[in-house]
Q: 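What follows is a structure written as C-alpha cells; I'll ask about it next.
For reference, positions follow the sequence shown, starting with 1. Any value given below was found using the heavy atoms of this structure, including those in side chains, with hydrogens, waters and symmetry copies removed.
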Amino acid sequence: MHFSVKHHKIKHLYRDYTIVFLLVALCMFGTYWITGHSLIWRLDGANQHLPLLENFRQAMGDLLSGKIDSLPQWSYQMGLGTDNFSVYSYYLIGDVFAYLTLLFPASKVVVIYQWLIILRLYCAGLSFVFFASHFDFSKNVINTGALVYLFNAFLLYSAEAQPFFTTPFIIFPLLVLGIEKILQDGSPWPLTFTFIWMLCSNYYFAFVLGLGAIIYLILRVVLYYLHDLNYLKTLGKLAFATITSVLTSALILVPVIFAVMNSTRAASNFANGLKMYPLYYYLALPSQFINGGNRDFYFWSALGFASIAFFAIIFIFSRFKRYKLLATTFILSFIMLLFPFFGALFNGGMAPSNRWTLLLCLPIALATCALTKNASWLSDRLFKYFSYALLVYAAVIGIAYYFESDEKLFVPFIFLFISLAALMLVHFKKVAHPTRFLLLVVLANVSLNAIYYEAPYNGGYSNEMLPTGTYENLKKKMYAGLDHKLAPVDQKGYRVSSTSENFDLGAGYNLYNNLPQTTTALSSYYSVQNKYVGEFSEDMQNIQYDANVPLRQVDDRTILNNFLGVRYIFNWLNQDNYKKIPAGYYLDKTTQMVTDPNHDSQKDQQARRYKSDNAFPLFYWQDQVFTDKQQRKYTASQKERALASGVKVSEKAATGLKHATIKDQTVEIPYRLISSRGNEIDTHDVAKMDSDETYQLLLTRPQGQEDEEYYPDSELHLEFDNIKYEPFSLKDQIKLEQLHKSSQGIHGLLDQNDRYNYYKYLRYHVLQGSPDSSFSLKVDSSRGTETIKQPKQDALSFYKDITNGTMNVGHFDNSLPEALTFTPSKLGNYSFDLKVIAIPLAKNSQYQKQVRQIQQNKLHDLKLQQDQITGRIKTNKAGILTSTIPYSKGWKVKVNGKEQKLLRTNTAFIGVKLPQGNNKVSFTYELPGAKLGIGLSLVGLLFALGGGIVSFVFYRRSRK
C-alpha cells in the first residue's frame, strides 16, 4: 500500500462523502429529533461544555466590541474561585470550532453548540478522506473507510458527551501526513502547523496524539525507511517542526502546565494500582471490537467498529509483508489493551484510561479500505481463513454472552455474517460494482449501530440527553426561582449551596455546577481543579471529595458551610437528606406546595431556601493561629472546629502570634456496635458474612442524663480512620450467597435451585469484578443517609483510595439519637477506627461567640474587581488576614502600598500577615507562567519567521 504525499484528485470524492455522512448522521441524530431530545448531555454537556461556551462567546463578543476588561484572569464564580485560563484552556481556548459561535448572536449559542457537534464529526470524516486520498484508493473505498473511522463506539458516545473529543480525529490523520511528508523529503511546515494546532487545542489530547505520532514515526522508520533515510536532514526537519510548534504554542502551553501541576490530578495513583484488568474486561474485550451499540466502556476501551473490520484485520495479517506497518500496529495495540500500564501511560501516569484507542481508528479504517479495494481478488484460501476465524470468534462472543447477555451485540453479530456473505458475493459472483456494494453494506451496518445506540429504548443514549428546551429552563429555574435577586460572591461576598444528594431536577441531571451567573455555588465540576482546595477538602475528611468535584456540598457540615461563606442553602422537600439542614440555617423562602393527588404527604413537592446569619466574611482578621504541627494531632472534626478559633499558617508566619486552642469544643461520645444477629462487634474485626446483616451503633448517654436531653443543639460526626476492607475469595462469596439463599426456608422454597443459584452468583461476581477493593459504609439516621464509598478501579479519574472519612449524620436540635444504623455494602472483612464526635452549636455556645467576632473583624470596603481585591481594616494587634479565596502563586499582595509575602492560610486560601493599626490591603492576580509563555511564543514566531525565510530561499533556488 503506497503512501504518497501527493493528494490524488478524485472526481466527486467530497460530494459522495457528504452524501454518505448525511445518511448516517440522519440515523444518528434524527433519533433525537423524533424523540424530543437535544444533543446536550446531562452530565458534562450541561455542566461544563455548553455553559462555558456561552460565557466564552459572550466574553469574546465583548472583547471584539472593544471591552478590554471582558476576559478577566480570575473568576470569582467558579466554585470558590479559580483562574479562568485553567478551565477555558482545557475546553475552549484552542478549540477552533468555539470561535465559530462569533458568527451568530449570543442568544443562539445553545442551538449552535448542537450543530457544532455535527460539524465536528463531519470535519473528522473530511480529515480521513483527505488523508486516504494520498493512497491508491477509489472514492467508494475511501468512503467505506470513512464510515469505519467515524461511526464507532468512541465517537458515537463522545461526539455528544464531550464534543471536543472529536478534534483529535481531525488532527491525527494530518499529523501522520505531516510526518510522512518529512520522511519523503518534503516540507516540515504541514507538520509544524498541525503540531501547533495539536498543542493549543487540548493538553490531554496533545499528549495522547504526541505519543501516537512518536510510535508511528518509529514504526515507519524501522519498517520502511531504515536504510534509505537521510537521517541528518530528516531529524533537522523534525526538530524544526517540534521546536517551532512548542515555542509558538508556549503562550497556551506553559500556563496549562503550571495549572495541571498545581491541580488535584497531579497526585494520582498510577493505573489506580492495577497490574491486570478484572476478569470481566478480558471476557468482554473480543465483543467490544465490533459492538458499535456498546456504551460500557470498560476502562474506556471504546472500539465498536463496523463488523467488516474483523475481516479487514485478518486480511492484513494474511498479507503481512505488504501491510507490515498495519499488522505491527494491530499486534502492538492488542498487547497494550491487555495491560493497565499502557492505559495509564497514555493517560499521563494517572488512571488506566484507554482513550488512546482513538488512535486505533485510523489503522482500522485503512485496513478496511485495503480489504474493500482488494475484495474482488481475494484467494479461496483466505475465505477459508475468514470462515474458520468467524466460527472461533462467534464461539468466543457466545461464551462471553453467556455471562453478559448483552443484547446490543445483536446488530454487530448479524453483520459479521452479512459482511462475510457480501465479501463472498463480490469474490465468487463477481458483483458489477463491488466497492459500491461493500460501501452499502457498511453503510447499513453503521446506520443500524447508530440507531440502536442513540434510540431511547433499552437504556439508549438519548435517555442521557436533556429534553429539548430543558437546558434553557434549567438556567431560569435551577433553584425553582428561589435564587432570583441573590447576588454572586463578587458583589455581596457570600455563596450558595444545596443539601447533599438532594436537589434532583429530573432527567438524570446532576447539579455539579451553577448554571446562572447570578449566584456563586460552592460546588464546581471541572477537569482541572485547584490542588490546595482538594487538600483542604481531604484535610477535613470530606466524604464527598473527588479530584473533579473537590467540595460538592461539604457533606452539609455546619462549620464548613459557615466558613466557606454559604448564606443560602436550597432544598427539595421529600428528596434524599431533606431533613439534613446544617445548624443555624432557618427557612427563609419556599415555593408553593405541590400536594400529592393521592394525599401521600411523603410525595408532596416544594423547593425551600434556608438562610444563615453565621456565614463568615470572604476576608476577615484573626489574632490567633494554628500551625501544621499543632493541627496534625487533631481529628477532622477538631480541624473543622478550629476554623472559627484561629487561622492555620506555617510555622514561620506564626512567629510572634498567639496560638489558638480548641479544648473542650468537641465532645467524644461512647458507643457500642451491635450486629443484627445480637452480638457486640469490635470495629477492628467486622466480618460480614450475610448480605442482610446490618449493625446498630448504640450511643451511650453520660451518667446522670438517662432521662433528659444530652448534648442538645449539636452536630454529630462519625470519624472513620484506618479503614481496611478485605473481600472474601470468589469461591467463598458464592458459597455464602448460596448459604443465604438456602437459609430462607419455606419462604424461598421455589428459589432453592443450587445449580442455577451457583451460576447466577458466579455471573454476578464475575461481571462486578469480584473480588475487588470497592465497598461502601452507609449510616442511616433520622436526618438522612450518608455513605463513604470506595470506588472501583474502573472509575478512572473518579477513583480514589479511601482510608478515612468524616461522616456528618446531621444536626440535632434536642438530644442526640440513641442509635444509628450502620451497613457495610459487601461481604468481607472490615476494620476501622471509629470516633463519634458531637460539636455543640447552640446559640449561646463558644462557637457562636467566635462567629460574631469574626464577622466584626471583616475586611471593610471590600471590592472584588477584575483580577484585584481591595479593602481596609483597623487592627489593635498583629494578626492574620485570611479568606476563602483559593491560593495560587499568581496572587500578589500589598499592605499600605508595600508588597508583602502572600500566605497560604487554612491549607488552601490566600492571606497576609498584618501589623497593628490601619491597613489598606490589595491582592492582585496574574496568571502563572503567562509572561514566560508569551516570551517563548515570541521566540517561536521569530524561529518560524527564520525558517520561513530559509524555506522561501530554497524554494526560489529549486524553481531556478
Side-chain angles (χ1 to χ4, degrees), residues 499-502 541-544 553 555-558 571 574-583 602 636-637 667-702 706 709-712 714-725 727 736-737 740 743-744 774-790 802 804-839:
T499 313
S500 59
E501 309 296 336
N502 168 267
Q541 292 188 3
N542 175 20
I543 63 173
Q544 292 186 300
Q553 294 81 31
D555 195 28
D556 310 308
R557 286 156 67 170
T558 298
N571 172 285
N574 289 327
Q575 290 191 14
D576 292 345
N577 294 331
Y578 77 94
K579 295 181 180 179
K580 194 165 169 267
I581 307 300
Q602 298 300 313
S637 297
V667 181
E668 186 170 353
I669 310 295
Y671 67 89
R672 296 168 62 209
L673 185 63
I674 307 297
S675 167
S676 54
R677 297 181 174 186
N679 52 311
E680 186 167 350
I681 303 295
D682 182 357
T683 62
H684 299 103
D685 187 20
V686 181
K688 183 170 182 177
M689 306 180 71
D690 186 339
S691 55
D692 288 341
E693 185 177 13
T694 60
Y695 305 85
Q696 290 291 306
L697 203 63
L698 304 181
L699 307 188
T700 305
R701 288 173 177 255
E706 284 78 7
E709 295 180 351
Y710 76 112
Y711 304 121
S714 294
E715 187 168 272
L716 190 62
H717 290 181
L718 304 184
E719 296 186 345
F720 290 85
D721 282 296
N722 300 315
I723 301 173
K724 297 177 183 177
Y725 167 66
L736 288 169
E737 295 282 12
H740 171 73
S743 68
Q744 293 180 352
S774 67
F775 64 87
S776 66
L777 305 176
K778 185 178 73 170
V779 174
D780 293 291
S781 74
S782 60
R783 297 293 183 263
T785 300
E786 284 303 320
T787 307
I788 293 175
K789 295 180 181 179
Q790 169 61 62
I802 299 297
N804 57 48
T806 293
M807 187 184 292
N808 169 30
V809 295
H811 168 253
F812 297 88
D813 299 313
N814 302 314
S815 294
L816 295 179
E818 295 184 357
L820 304 167
T821 301
F822 171 65
T823 311
S825 62
K826 294 170 63 176
L827 303 181
N829 294 309
Y830 297 83
S831 173
F832 49 84
D833 299 326
L834 175 62
K835 289 182 179 181
V836 181
I837 304 293
I839 305 178

Q: For Ser676, what residues pass the side chain to side chain contact (heavy atoms under 4.5 Å, CB included) criterion, not counting sequence neighbours?
A: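 Expected list: Glu693, Thr694.
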Q: Can you sort out the partners of Glu737 under side-chain hydrogen bond (donor to acceptor under 3.5 Å, both in side chains), two or more places apart, ordered by chain and number?
A: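 None.
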Q: Not counting sequence neighbours, which residues clear side chain to side chain contact (heavy atoms under 4.5 Å, CB included) with Ile674? List them please.
A: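 Expected list: Arg672, Glu680, Leu698.
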Q: Not counting sequence neighbours, which residues clear side-chain hydrogen bond (donor to acceptor under 3.5 Å, both in side chains) with Gln553? List them please.
A: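 Only Gln544 meet the side-chain hydrogen bond (donor to acceptor under 3.5 Å, both in side chains) criterion with Gln553.
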Q: Tell me every residue that passes side-chain hydrogen bond (donor to acceptor under 3.5 Å, both in side chains) with Ser781, counting only those two or more places apart in sequence or in another chain.
A: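 Partners of Ser781 under the side-chain hydrogen bond (donor to acceptor under 3.5 Å, both in side chains) test: none.
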Q: Asn577 side chain to Glu501 main-chain N or O, any donor-acceptor pair under 3.5 Å?
A: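 A pair under 3.5 Å: no.
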Q: Can you name the ring pair (Phe, Tyr, Trp, His ring centres under 6.0 Å) partners of Tyr578, sequence neighbours left out?
A: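 By the ring pair (Phe, Tyr, Trp, His ring centres under 6.0 Å) rule, Tyr578 matches no residue at all.
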Q: Test: salt bridge (Lys or Arg N to Asp or Glu O under 4.0 Å). Region: residues 819-837. Which pairs qualify, not counting sequence neighbours?
A: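 Counting only pairs at least two positions apart or across chains, the salt bridge (Lys or Arg N to Asp or Glu O under 4.0 Å) contacts touching residues 819-837 are Asp772-Lys826.
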Q: Write out all pairs satisfying salt bridge (Lys or Arg N to Asp or Glu O under 4.0 Å) with one or both partners inside residues 681-691, taking only residues at least two apart or from two chains.
A: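 Passing the test, one end in residues 681-691: Arg677-Asp690.
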Q: Just jot down the salt bridge (Lys or Arg N to Asp or Glu O under 4.0 Å) partners of Glu715, sequence neighbours excluded, or say none.
A: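 By the salt bridge (Lys or Arg N to Asp or Glu O under 4.0 Å) rule, Glu715 matches no residue at all.
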Q: Going by side-chain hydrogen bond (donor to acceptor under 3.5 Å, both in side chains), name the residues that satisfy it together with Gln696, two or more places apart in sequence or in a different chain.
A: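 Testing Gln696 for side-chain hydrogen bond (donor to acceptor under 3.5 Å, both in side chains), a comparison that skips the adjacent residues, returns Thr821.
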Q: Under 3.5 Å, is there a donor-acceptor pair between the side chain of Glu719 and the main chain of Ser637?
A: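 The answer is yes, because a donor-acceptor pair under 3.5 Å joins these two groups.
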Q: Could you list the residues that satisfy side chain to side chain contact (heavy atoms under 4.5 Å, CB included) with Lys579, not counting sequence neighbours?
A: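 For Lys579 the side chain to side chain contact (heavy atoms under 4.5 Å, CB included) partners, ignoring immediate neighbours, are Arg783.
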Q: Got a sec, which residues hit ring pair (Phe, Tyr, Trp, His ring centres under 6.0 Å) with Phe812, two or more places apart in sequence or on another chain?
A: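 Per chain and number, Phe812 pairs via ring pair (Phe, Tyr, Trp, His ring centres under 6.0 Å) with no residue.
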